[in-house]
Novice: 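One structure follows; several queries about it will come next.
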Amino acid sequence: MPIITPVYRSTVIHIGSIPLGGDNPIRIQSMTNTDTLDTEASVAQCIRIIEAGADYVRLTAQGVREAENLALIKRELRKAGFNTPLIADIHFNPAAAETAARLVEKVRINPGNYADKRASFAKQEFPEDEYNEELEKTHAKLLPLIKICREYGTVIRVGINHGSLSDRIMTRYGNTPEGMVASAMEFIEIFRAENFNELVLSMKSSDTSVMIDATRQLAARMQNANLSYPLHLGVTEAGEGEDGRVRSAAGIGTLLSEGIGDTIRVSLSEDPELEIPVAKKLAEYYHRGINGNNNIPKPSYSSPAEKPEILKGVHGPIVITNMTFSPEIGPEAYLLAGFRIDENGESVKRTDNSADLIIASECPSIVPEDVLLVIPYKKWLANRDKENVFPLFSPETYYESDIRSDKLNLLLTGPHFDAHYLKMPDSATTLLLFTFYPDKELFAADHFFNTLEKSQIQLNVVLNPVYREDFSEALQIKAAALLGKYVIDRRVAGISITLTGENGLREVTPLAFSILQCTATRITRTMYLSCPTCGRTKFNLQDAVRKVKDATGHLKGLKIAVMGCIVNGPGEMAGADYGYVGAGNGKVHIYRGTLPVMKNIPQEDAVKELLGLIESDQAIL
């Protein structure tokens, strides 16, 4: 029997006039990317963020001067009639934190670089006595900030970044979710020792699985210790466009669906006010209390590791495209399913982003060699001489039939199923397509997996949510938030997305591949990480992202990071092949992995230098 995990319920704290945690709504925030010393530009951008619907606004304060200028920014905002709480973002500079704590409602500090030496990624040894001595120094360094925050009623966010753990933590735990949790718990204990509890915690990473794992672990650790500080959710360096939305929705949505998270920030490499509508859609989709109200056990069910033989060449979850709504299967349909078509419409060739299976209502006279087609069972009987055509069954029909494919059978079922008919299929030749309507029952897949687990049924499951709408940004967010947790947790053999709107077929196959790409469960193109920028960025990062993508988009399988500054850059790039990192006014460092191989390259030359480095490395290989 699955165990019901209690929904994480945080205590309420007040950030200015807006309470956070408990039964309060999930709060939305963003961060400015203006120079904090530019009062006029910062105020104008804060207003755009607030008017878009933010509950809080964060500004960087990399030095004392920037921290002091928060007073002017706040004064101008209040004069303009905006009372939204402000948050100061601090890296490396306790003096800036102590200054800002007197002026704004919340201060964000990073344990990886507030007191400790940030990670150098060089192998080091920390004897136990030295480790504890460094921890005591950290405690002492935090005391002035704690005193000020207590006096001024300022909240502190302890913001742990996967990309900037300290050397001390790295030597003991490595660059891992466990290290992130250990860092958070150390800081919690320091604050508790000083009887200071106005805390918010966050566990951020550009890797959705790391962010989810670390946050789940922290929530569990705090629950076991009878602690319940509010949690801030976000995927760092999520990127821009569809990738940024999908990656953020998959990471944040997974945790919100489990009742974890009190405030969210969607980090896009776009104007910060554009983050707010995305965050609002996520908060509305998995709104406060939705999981707890349903009291849903979190399933531990996972699909068999082995797929049917005919699909074993697929590295990662499969993608199925449902074309039963299409009047006929021909060149246009194959094109929509991601295949390459020649000028005459005769040659149909598979690409890295082609659907692995296409479901159709009818069987065309000729099925291209690269296409695997699934049609209703009775129509398959008349076409079973075709080598790459397979049957679609109901479980009942499969159960009663004497004739089946010896290579692949697709069983279609939904929320109202009889588990009796699912005990017979052979997982070596069978895929189970679970079709459901999220708008009617958002947690239908969890109920389904729990029933399979209880009934001891082990089949390869492909999830197929059906949406009654056309393709839109809202659909991208919904589908990624829903399917993300199942692919990240390796619980499914594949995914399919069905839209009943007129334009549904055009975008669903690329969206399915985007969800797999952004969750790093199936890589079919270049992966990009890019930060949303802030006041520390000294060049046009949005322009740089576009240029890097244009120059390197043909390089399948590489992971390239485009970062505004070096605060989190080297760490977040630990899994990246190459990095393009801001180093100052119009200057860029080029990284191979975590090592800078070219420094202070003029921005106008940096993309060419990055591409040259990649091509040189590939020539050696």
Novice: Around atom CD of E473, are there more than 12 heavy atoms from other residues, nucleotides or ligands closer than 6.0 Å?
Specialist: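 Counting neighbours around CD of E473, more than 12 heavy atoms of other residues, nucleotides or ligands fall under 6.0 Å, so yes.
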Novice: With no hydrogens and no angle check, is any side-chain donor or acceptor of Y528 less than 3.5 Å from a backbone partner on G553?
Specialist: yes
Novice: Between E270 and G241, is there a donor-acceptor pair closer than 3.5 Å when you use the side chain of the first and the backbone of the second?
Specialist: yes
Novice: Applying side chain to side chain contact (heavy atoms under 4.5 Å, CB included) to L432 and I457, what does each step give before you reach the verdict?
Specialist: CA-CA 11 Å; L432 185 59; I457 295 169; 5.9 Å; no
Novice: Given the side-chain rings of F449 and F434, with only the six-membered ring counted for Trp, is the space between their centroids under 6.0 Å?
Specialist: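 No, the ring centres sit 6.0 Å or more apart.
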Novice: Got a second to check how far L392's CG is from K379's NZ, nearest 0.5 Å?
Specialist: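 Result: 11.0 Å between the selected atoms.
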Novice: Side chains of R247 and S267: donor-acceptor distance under 3.5 Å anywhere?
Specialist: no
Novice: Test your reading of the model: is there a side-chain donor-acceptor pair from D342 to the backbone of S347, 3.5 Å cut-off?
Specialist: yes
Novice: How long is the straight-line distance from CG of N464 back to OG1 of T413, given to the nearest 0.5 Å?
Specialist: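 Spacing of OG1 (T413) from CG (N464) equals 12.0 Å.
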Novice: Check whether the side chains of S496 and N322 place a donor and an acceptor atom closer than 3.5 Å, and report yes or no.
Specialist: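 The answer is no; no qualifying pair exists.
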Novice: Just by modelled atom types, is the D243 backbone N or O under 3.5 Å from a matching donor or acceptor in the S514 side chain?
Specialist: no
Novice: Given side chain to side chain contact (heavy atoms under 4.5 Å, CB included), test L529 with T236 step by step and report yes or no.
Specialist: CA-CA 9 Å; L529 305 176; T236 60; over 6 Å; no
Novice: Does atom CD1 of I403 have more than 12 heavy-atom neighbours, drawn from other residues, nucleotides or ligands, at distances under 6.0 Å?
Specialist: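 More than 12 within 6.0 Å, yes.
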Novice: Consider only side-chain N and O atoms of E240 and S530, and report whether a donor and an acceptor are under 3.5 Å apart.
Specialist: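 The criterion, which ignores hydrogens and geometry beyond distance, is not satisfied for S530 and E240.
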Novice: Report, as yes or no, whether the 6.0 Å neighbourhood of atom CG on D385 holds more than 12 heavy atoms from other residues, nucleotides or ligands.
Specialist: yes
Novice: Might you confirm whether atom NE2 of H554 has over 12 heavy atoms from other residues, nucleotides or ligands at distances under 6.0 Å?
Specialist: yes
Novice: Rounded to the nearest 0.5 Å, what separation is found between the CG atom of L233 and the CE atom of M203?
Specialist: 11.5 Å
Novice: Quick one: is the NZ or CZ of R522 closer than 6.0 Å to the six-membered ring centre of F513, and within 45° of its axis?
Specialist: no
Novice: Does a donor on one side chain sit under 3.5 Å from an acceptor on the other, for S394 and Y421?
Specialist: no
Novice: More than 12 heavy atoms of other residues, nucleotides or ligands under 6.0 Å from NZ of K547: is that the case?
Specialist: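 Atom NZ in K547 is not packed in, count stays at 12 or less.
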Novice: Nearest 0.5 angstrom please: N388 CG to I358 CD1, how far?
Specialist: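 Here the rounded value is 10.5 Å.
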Novice: CE/M323 to CG/L336 distance, rounded to the nearest 0.5 angstrom?
Specialist: 5.0 Å
Novice: Assess whether a salt bridge exists between E309 and K407, defined as any Lys/Arg side-chain N lying under 4.0 Å from an Asp/Glu carboxylate O.
Specialist: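 No.
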Novice: Surrounding NZ of K440 (heavy atoms of other residues, nucleotides or ligands, distance under 6.0 Å), is the total greater than 12?
Specialist: no
Novice: State whether D356 and K307 are salt-bridged, where the test is any N-O pair (Lys NZ or Arg NE/NH1/NH2 against Asp/Glu carboxylate O) under 4.0 Å.
Specialist: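 No salt bridge links D356 with K307.
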Novice: Taking 4.0 angstrom as the limit, do E258 and K485 come out as a salt bridge?
Specialist: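 So E258 does not pair with K485 through a salt bridge.
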Novice: For the OG atom of S257 and the CD1 atom of I252, what is their distance to the nearest 0.5 Å?
Specialist: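 One gets 12.0 Å once the value is rounded to the nearest 0.5 Å.
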Novice: Which residue is it: L373, N383, I329? I am looking for the one with a side chain to side chain contact (heavy atoms under 4.5 Å, CB included) to V367.
Specialist: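 It is L373, the one option of L373, N383, I329 that forms the side chain to side chain contact (heavy atoms under 4.5 Å, CB included) with V367.
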Novice: Quickly, which of I488, L482, I495 forms a side chain to side chain contact (heavy atoms under 4.5 Å, CB included) with I515? Name it, please.
Specialist: I495
Novice: Going by distance alone, is a donor N or O of one side chain under 3.5 Å from an acceptor N or O of the other, for D446 and Y301?
Specialist: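 Judged by distance alone, the side chains do not pair up.
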Novice: Determine, for K556 against D352, whether the closest basic-nitrogen to carboxylate-oxygen distance falls under 4.0 angstrom.
Specialist: yes
Novice: Among R245, K280, R265, find the residue that satisfies the side-chain hydrogen bond (donor to acceptor under 3.5 Å, both in side chains) test when tested with E275.
Specialist: R265
Novice: Against F448, only a single residue in F417, Y486, F443 fulfils ring-ring contact (aromatic ring centres under 6.0 Å, His included); can you say which?
Specialist: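 Testing F448 for a ring-ring contact (aromatic ring centres under 6.0 Å, His included) against F417, Y486, F443 leaves exactly one candidate, F417.
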